[in-house]
Amino acid sequence: MSASRHSGYVPQDIEPKWQKVWTDRGVMRADDNSSKPKFYDLVMYPYPSGDLTVGHARNYVMGDVLARMKRMQGFEVLHPFGWDAFGLPAENAAMKRGGIHPETWTIENIAKAKRELKMLGILYDWDREVTSCMPDYYRWTEWLFLLFYERGLAYRAMAPVNWCPVDKTVLANEQVINGRCWRHLDVEVEKRDLEQWFFKITDYADRLLDDLELLDKWPHKVRLMQTNWIGRSQGAEVEFPIVGLAGGESLRIYTTRPDTLFGATFMVLAPEHPLVERITTDKYRAKVREYVAKARKASDIDRLSTEREKSGVPTGAFALNPVNGEKIPIWVADYVLMTYGTGAIMAVPAHDERDFEFAERFGLPIREVIAPPTGSQRELRAAYVGPGVMVNSGEFDGLDSVAGTERVIAALEAKGQGKRAVKYRLRDWLISRQRYWGSPIPIVHCEVDGLVPVPMEQLPVLLPKEYKPLSENPDFWRTTCPKCGREARRETDTMDTFIDSSWYFLRYASPHDTTQPFDSELANHWMPVDQYTGGVEHAILHLLYSRFFVKVLHDAGMLEASEPFVRLFNQGMVKRFGQVMSKSAGNGVSPDELVDKQGADAGRIYEMFIGPPEEDVEWTDAGLNGVVRFLQRVWRLVLEPDSIVVEGGGADVVILNRKAAQTVKKVTEHYDELRFNTAVAALMELANTMQSHLQNGGARDADWNSAVRILVKLLNPLAPHMCEEMWERLGERSMLADSTWPEYDAAAAAEPEVTLVVQVAGKVRDRLTVPVGTSEEKALEVAMASDRVRAAFDGRKPSKVVYVPDRLINLVP
RNA sequence: GCGACCGUGGCGGAACUGGUAGACGCGCAGGACUUAGGAUCCUGUGGGGCAACCCGUGGGGGUUCGAGUCCCUCCGGUCGCACCA
């Protein structure tokens with residue numbers, strides 16, 4: 001191989017050697033009893049799909065680089081790994097490859113991926129490996145379910161739910177994307193009325209929202225997405241008495257715009273609203289029933305489309321506006337959703353786009369009650385939704401709409417006609433799945449005792465070996481009631497796999513505990529996760545659920561932390577030929593291929609140098625070559641400096657020292673900020689400086705040796721095999737992995753002279769070298785002495801001088 | 001439609017709180033060493049001009065001594081939400 005011809009660097013010879021040493025010595029083993037400060041470095045555990053490419057490996061390399069630096073900096077690093085091993089692909093693969101059991105398929109994939117991770121030199125504390133499909137893990141997933149159940153956070157309810165016809169299971173709201181299944185974006189979900197298990201995440205809506213404030217090291221975007229998903233809105237519930245209904249019953253609506261109450265010209269009920277049947281008059285009954293039936297049948301995709309023209313029918317019933325006693329018609333229309341607010345609205349067409357469209361379509365009156373700052377419009381062409389001054393609103397006329405909102409709410413509350421209310425877009429988390437390959441829900445259905453939790457000491461409820469739906473496996477579901485001993489039936493749904501992943505990061509603290517899901521003391525020691533890295537596709541799903549879990553466990557007194565992840569980072573994806581790299585797409589580069597050709601170290605650096613870590617990047621072989629060249633150059637500089645031809649004299653050792661010191665600062669900061677691409681660039685600059693040093697006849701003295709060691713140490717997190725090998729060949733006794741991170745020497749890094757930019761009227765006219773700390777007077781003097789400045793001023797004095805010390809002087813004529 | 005982020009050489013990308021635009025790498029051109037080189041090393045490389053100089057960070061405008069960076073507006077792209085009252 002050509003790499004070996006001009007340098008002794010042959011990655012294939014040294015990489016397996018060091019991987020073995022690291023493993024044998026347990027380099028990345030985390031000590032629970034260490035006195036060092038802890039650092040919990042975590043990458044989202046993957047689904048073992050059997051498809052590991054260098055694309056997926058990129059974020060594992062990021063985690064590894066950080067872990068290796070933090071260790072050298074004196075932290076006790078927890079860098080664990082595990083597998084999100086329950087889930088549908090295993091079942092699908094099992095079906096496709098006739099007869100193979102999901103467990104077999106999963107275990108095989110795990111073994112393969114694990115080997116490839118090791119081959120890339122990525123170090124984990126494998127003693128803490130967690131696999132969510134193993135009984136010693138899902139036992140505690142079940143346990144946690146029961147904890148939620150005890151705390152009133154798990155309940156069963158009949159509800160219209162999302163059903164994926166391909167996966168043949170229900171889905172959580174978070175798993176439905178534009179009315180389609182998150183796993184098959186071409187498959188529309190269906191609505192089914194089913195009795196299902198839910199977790200009461202809505203109880204935590206306020207805290208999940210408010211605590212986002214604490215997550216200042218999360219990407220702004222993710223926080224915003226969660227904010228929108230939770231969707232808290234403030235407004236009022238208002239009672240509209242229904243005309244002629246026995247008992248003086250009223251219609252409760254929710255609005256965020258109480259200030260527009262006088263502009264309500266009709267009411268709208270969702271087709272599913274329970275009052276529809278009762279208030280509809282005989283004359284309209286047939287039409288209303290027909291409309292409701294049609295709406296129920298329509299898919300969410302159709303119903304929620306904003307493009308579709310609004311539809312609806314009148315009920316023949318009327319309501320009274322509580323503030324002015326006006327009698328207004330009640331309609332049924334499917335643009336109002338039963339699942340939000342109260343399932344009924346007051347329609348204010350003048351100030352709501354949807355109501356406006358509906359009113360236009362059906363010729364309903366439109367009354368302006370908020371005058372825009374630009375003045376009232378004679379004829380409303382569109383709804384005005386902004387703030388303004390209240391008009392046509394009786395006693396409230398003339399009030400600013402923002403203040404008016406408060407006044408109207410107060411007036412309603414005083415008369416018992418309404419009250420302040422807060423609503424959320426967030427719904428409870430539907431957690432049951434009609435699948436085999438997941439954690440069983442540890443509940444028994446007893447005819448006498450109803451829902452009975454399986455006693456905790458009887459956990460786990462084991463999955464039967466035989467692969468078929470649990471509901472079709474009587475050996476599984478036939479049981480006796482733990483309470484009364486009568487024959488009973490086990491719950492046959494399994495849990496959403498997002499439950500498994502909502503607590504795995506806690507299990508790493510005490511992975512072998514056989515008495516509890518996690519040891520609180522150890523979890524409190526390691527938590528929260530200091531750095532969490534993973535794909536942005538989990539911005540809501542996994543990250544919201546995990547936050548919810550941690551808050552519940554906190555409330556249960558099991559955990560001090562109330563947020564799981566201090567700093568979150570979303571890495572970009574690796575593409576090749578314009579597509580996301582994957583084995584199935586046929587554009588994947590496997591770790592095997594990469595290690596075989598260029599070696600793990602070159603691959604690791606390339607993954608980091610290829611582009612900003614948060615951006616999607618394109619994998620090219622040419623780019624990889626540049627990195628290989630860099631590593632060979634480093635090898636020669638460190639171990640074969642005699643091979644570098646001296647071309648001239650006059651090397652300045654001070655420059656070498658300074659560059660090395662500056663690089664320590666730069667690279668350390670860049671690693672900390674996960675800006676690996678610029679860290680590599682800084683290391684390349686140092687290597688270039690060192691190369692020039694030798695070419696200029698510079699000595700290989702103590703300063704040189706110091707620079708060499710700095711280079712090797714700083715490069716180590718990126719290219720650990722090669723650096724460890726160089727370290728050994730340099731004659732160092734201890735392992736590089738166990739050595740310390742270079743200290744930043746500010747004095748050595750300081751530049752004695754700086755380039756002072758001389759501008760005339762903001763345009764660069766000259767660059768002068770001056771000592772650091774040059775005074776304004778002195779700077780002005782040398783600047784005015786410059787030929788090019790003199791030409792511009794021709795003896796006159798500048799009318800203004802802007803001086804930025806050690807940077808620039810700007811002379812304005 | 002609403003919201004967020006982003007537009008920098010032939011390419012990937014640098015540029016801290018406004019202060020030398022283009023670090024580092026790829027590619028390309030010329031050269032050195034070579035039987036040879038797709039190895040290695042050197043030099044050059046935003047555009048225009050022989051030149052001092054002029055023009056340049058999506059377009060236009062503004063603030064400022066000074067704008068890739070701040071403000072307004074338009075164009076283009078990516079992502080999120082999408083009848084949530």
Side-chain angles (χ1 to χ4, degrees), chain A residues 2-7 177-179 219-225 227-229 231-233 235 253-257 260 268 303-308 310 333-337 339-348 351-355 357-358 423-427 536 539-540 606 609-612 614-618 620-627 629-630 632-633 636 643-645 647 669 675 677-685 687-688 691 695 754-764 766-767 787-788 791 798-804 806-813:
Chain A
S2 62
S4 62
R5 208 175 297 167
H6 282 83
S7 84
I177 307 195
N178 291 328
H220 174 74
K221 183 182 161 185
V222 174
R223 291 199 284 168
L224 190 70
M225 282 169 70
T227 301
N228 293 338
W229 188 262
R232 180 161 69 190
S233 82
I253 61 98
Y254 173 70
T255 177
T256 54
R257 292 296 302 273
T260 64
V268 185
R303 272 188 68 168
L304 297 177
S305 166
T306 46
E307 258 103 88
R308 203 177 52 126
K310 296 233 174 328
D334 66 1
Y335 80 92
V336 173
L337 308 175
T339 46
Y340 184 79
T342 61
I345 62 159
M346 65 170 191
V348 184
H351 307 293
D352 182 281
E353 284 162 15
R354 298 149 302 183
D355 299 344
E357 190 191 330
F358 194 83
K423 299 284 174 193
Y424 304 89
R425 210 190 77 123
L426 182 73
R427 312 276 206 279
V536 74
I540 293 176
Y606 180 55
F609 189 55
I610 187 168
E614 71 281 8
E615 299 285 328
D616 289 353
V617 291
E618 177 77 18
T620 65
D621 293 339
L624 185 53
N625 290 339
V627 168
R629 243 176 272 177
F630 166 63
Q632 285 172 354
R633 171 185 287 195
R636 275 197 308 276
S643 71
I644 287 159
V645 181
E647 306 198 330
E669 286 175 358
R675 291 163 58 213
N677 54 328
T678 50
V680 176
L683 287 165
M684 287 173 164
E685 281 190 57
N688 290 346
Q691 170 118 355
Q695 279 167 349
V754 289
T755 302
L756 184 72
V757 173
V758 181
Q759 295 184 337
V760 173
K763 297 207 175 204
V764 179
D766 208 349
R767 296 184 171 98
D787 289 347
R788 302 170 68 192
S799 65
K800 180 171 182 176
V801 176
V802 179
Y803 182 58
V804 183
D806 299 336
R807 289 206 154 245
L808 124 171
I809 184 161
N810 188 10
L811 311 169
V812 185

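Just so you know, these numbers use all the heavy atoms, side chains as well, and skip hydrogens, waters and symmetry mates. Note on naming: letters A, B, ... go to the chains in the order of the sequence lines (proteins, then strands), and numbering restarts at 1 for each one. The shown structure was predicted, so the numbers you read here are calculated from the model rather than taken from an experiment.
Across the protein-nucleic acid pair, A/Gln632 atom CD and B/A39 atom P stand 10 Å apart, rounded to whole Å. Between the C1' atom of B/G12 and the CG atom of A/Asp616 lies a distance of 13 Å, rounded to the nearest Å. The separation between A/Glu357 atom CD and B/G1 atom C1' is 12 Å, rounded to whole Å. A straight line from CZ of A/Arg767 to C1' of B/U20 spans 5 Å, rounded to a whole angstrom. Counting to the nearest Å, the P atom of B/C11 and the CD atom of A/Glu615 are 17 Å from each other. Residue A/Phe609 contributes atom CZ, which lies 9 Å from atom C1' of B/G12 at whole-angstrom precision. The separation between A/Glu618 atom CD and B/U78 atom P is 16 Å, rounded to whole Å. Remark: P of B/C53 and CG of A/Asp787 are 11 Å apart, rounded to the nearest angstrom.
In this structure a side-chain-to-backbone donor-acceptor pair under 3.5 Å is missing from A/Tyr254 to A/Gly343. Put simply, the side chain of A/Asn810 never gets that close to the backbone of A/Val802: no donor and acceptor are under 3.5 Å apart. Looking at A/Ser799, its side chain does come within 3.5 Å of a backbone N or O of A/Val812 through a donor-acceptor pair.
If you check B/U20, B/C42, B/G19 against the side chain of A/Leu808, the one that comes closest is B/G19. When distances are taken from the side chain of A/Val804 to each of B/G19, B/C24, B/A21, the shortest belongs to B/G19. The nucleotide whose nearest atom lies closest to any side-chain atom of A/Arg788 is, among B/C53, B/G19, B/A23, B/C53. The side chain of A/Asn178 lies closest to B/A82 when the candidates are B/C83, B/A82, B/U40. Comparing B/C41, B/U20, B/A85 against the side chain of A/Val764 picks out B/U20 as the nearest. Closest to the A/Thr255 side chain, of the nucleotides B/A85, B/G25, B/A82, is B/A85.
For RNA chain B, if you chain together Watson-Crick or G-U pairs that step i with j, i+1 with j-1 and so on, the runs of at least three with distances under 3.5 Å are B:1-7 with B:75-81, B:10-12 with B:24-26, B:27-32 with B:40-45, B:46-48 with B:53-55, B:58-62 with B:70-74.
Considering every non-hydrogen atom in both A/Phe609 and A/Asn677, the closest pair reads CD1-O, 3.6 Å. Taking each heavy atom of A/Ile610 and A/Glu618 in turn, the nearest pair found is CD1-O, 3.3 Å. Of all the heavy atoms in A/Ala347 and A/Tyr335, the pair that sits closest is CB-OH, 4.5 Å. Among all heavy-atom pairs drawn from A/Phe358 and A/Ala333, the shortest one is CE1-CB, 3.7 Å. Among all heavy-atom pairs drawn from A/Gly341 and A/Lys423, the shortest one is CA-CD, 3.9 Å. Heavy atoms only, all atoms of each residue included: A/Arg425 and A/Arg427 are closest at O-NH1, 2.6 Å.
Residues passing the side-chain contact (heavy atoms from CB on, under 4.5 Å) test with A/Asp334 are A/Pro271, A/Tyr291, A/Ala295, A/Arg303, A/Arg308, A/Ser311, sequence neighbours excluded. Listed by chain and residue number, nothing satisfies the salt bridge (charged side-chain N to carboxylate O under 4.0 Å, His left out) test with A/Arg788 (two or more places apart in sequence, or in another chain). A/Asp616 meets the side-chain contact (heavy atoms from CB on, under 4.5 Å) test with A/Met573, A/Lys575; sequence neighbours excluded. With sequence neighbours left out, A/Arg675 forms a salt bridge (charged side-chain N to carboxylate O under 4.0 Å, His left out) with A/Glu673. In this view, A/Glu669 and A/Lys665 satisfy the salt bridge (charged side-chain N to carboxylate O under 4.0 Å, His left out) rule, not counting sequence neighbours. Residues satisfying the side-chain contact (heavy atoms from CB on, under 4.5 Å) criterion with A/Arg807, sequence neighbours excluded, are A/Val804.
Base engagement by A/Val336 is indicated by at least one non-hydrogen atom pair under 4.0 Å involving a base atom. Among the heavy atoms of the strands lying under 4.0 Å from A/Ser233 are primed sugar atoms or P, OP1, OP2 only; no base atom is included. Nucleic acid contact for A/Leu811: none, since no nucleic acid atom lies under 4.0 Å from a heavy atom of the residue. Counting any heavy atom pair closer than 4.0 Å across all strands shown, A/Asp355 reaches no nucleic acid atom. Among the heavy atoms of the strands, none lies under 4.0 Å from A/Lys423. Note on A/Arg633: only backbone sugar-phosphate atoms sit closer than 4.0 angstrom, heavy atoms only; bases stay farther off.
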Check: protein-nucleotides 47-50 of chain B nitrogen or oxygen pairs below 3.5 Å:
none

Nucleotide N/O to protein N/O under 3.5 Å, stretch nucleotides 14-16 of chain B:
{"unit_1": "B/A14", "atom_1": "OP1", "unit_2": "A/Asn677", "atom_2": "ND2", "d": "3.3"}
{"unit_1": "B/A15", "atom_1": "OP1", "unit_2": "A/Arg675", "atom_2": "NH2", "d": "2.3"}
{"unit_1": "B/C16", "atom_1": "N4", "unit_2": "A/Arg807", "atom_2": "NH1", "d": "3.4"}
{"unit_1": "B/C16", "atom_1": "N4", "unit_2": "A/Arg807", "atom_2": "NH2", "d": "2.6"}

Dump the pairs, protein N or O against N or O of nucleotides 26-30 of chain B, anything under 3.5 Å, distances to one decimal.
{"unit_1": "B/C26", "atom_1": "OP1", "unit_2": "A/Arg629", "atom_2": "NH1", "d": "3.2"}

Nucleotide N/O of nucleotides 65-68 of chain B paired with protein N/O under 3.5 Å:
{"unit_1": "B/C65", "atom_1": "OP1", "unit_2": "A/Lys800", "atom_2": "NZ", "d": "3.4"}
{"unit_1": "B/C65", "atom_1": "O2'", "unit_2": "A/Asn810", "atom_2": "ND2", "d": "3.1"}
{"unit_1": "B/C65", "atom_1": "O2", "unit_2": "A/Asn810", "atom_2": "ND2", "d": "2.5"}

Could you go through nucleotides 2-10 of chain B and list every protein N or O atom that sits under 3.5 Å from one of its N or O atoms, giving the distance for each pair?
none

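Taking the C1' atoms as reference points, B/G58 lies 12 Å from B/G68, given to the whole Å. A distance of about 41 Å separates the C1' atoms of B/U64 and B/A82, rounded to the whole Å. Taking the C1' atoms as reference points, B/A67 lies 11 Å from B/G62, given to the whole Å. B/G9 and B/G22: their P atoms are spaced 14 Å apart (whole Å).
The phosphate of B/A85 has OP1 or OP2 within less than 4.0 Å of a side-chain N or O from A/Tyr340. For A/Arg425 and B/A82, the shortest distance from a side-chain N or O to OP1 or OP2 is below 4.0 Å.
Applying the 90° criterion around 0 to the glycosidic angle, B/G60 comes out anti.
Between A/Val617 and A/Leu337, the residue anchored nearer the 5' end of RNA chain B, judged by the nucleotide with its closest heavy atom, is A/Val617. Mapping A/Met684 and A/Ile610 onto RNA chain B by nearest heavy atom places A/Ile610 at the nucleotide closer to the 5' end.
Applying the side-chain contact (heavy atoms from CB on, under 4.5 Å) test between A/Val268 and each of A/Val336, A/Ile253, A/Asp355 identifies A/Val336 as the sole match.
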- Item | side-chain hydrogen bond (donor to acceptor under 3.5 Å, both in side chains) evaluation trace for A/Arg633 with A/Asn688 | CA-CA 9 Å; A/Arg633 171 185 287 195; A/Asn688 290 346; 2.3 Å; yes
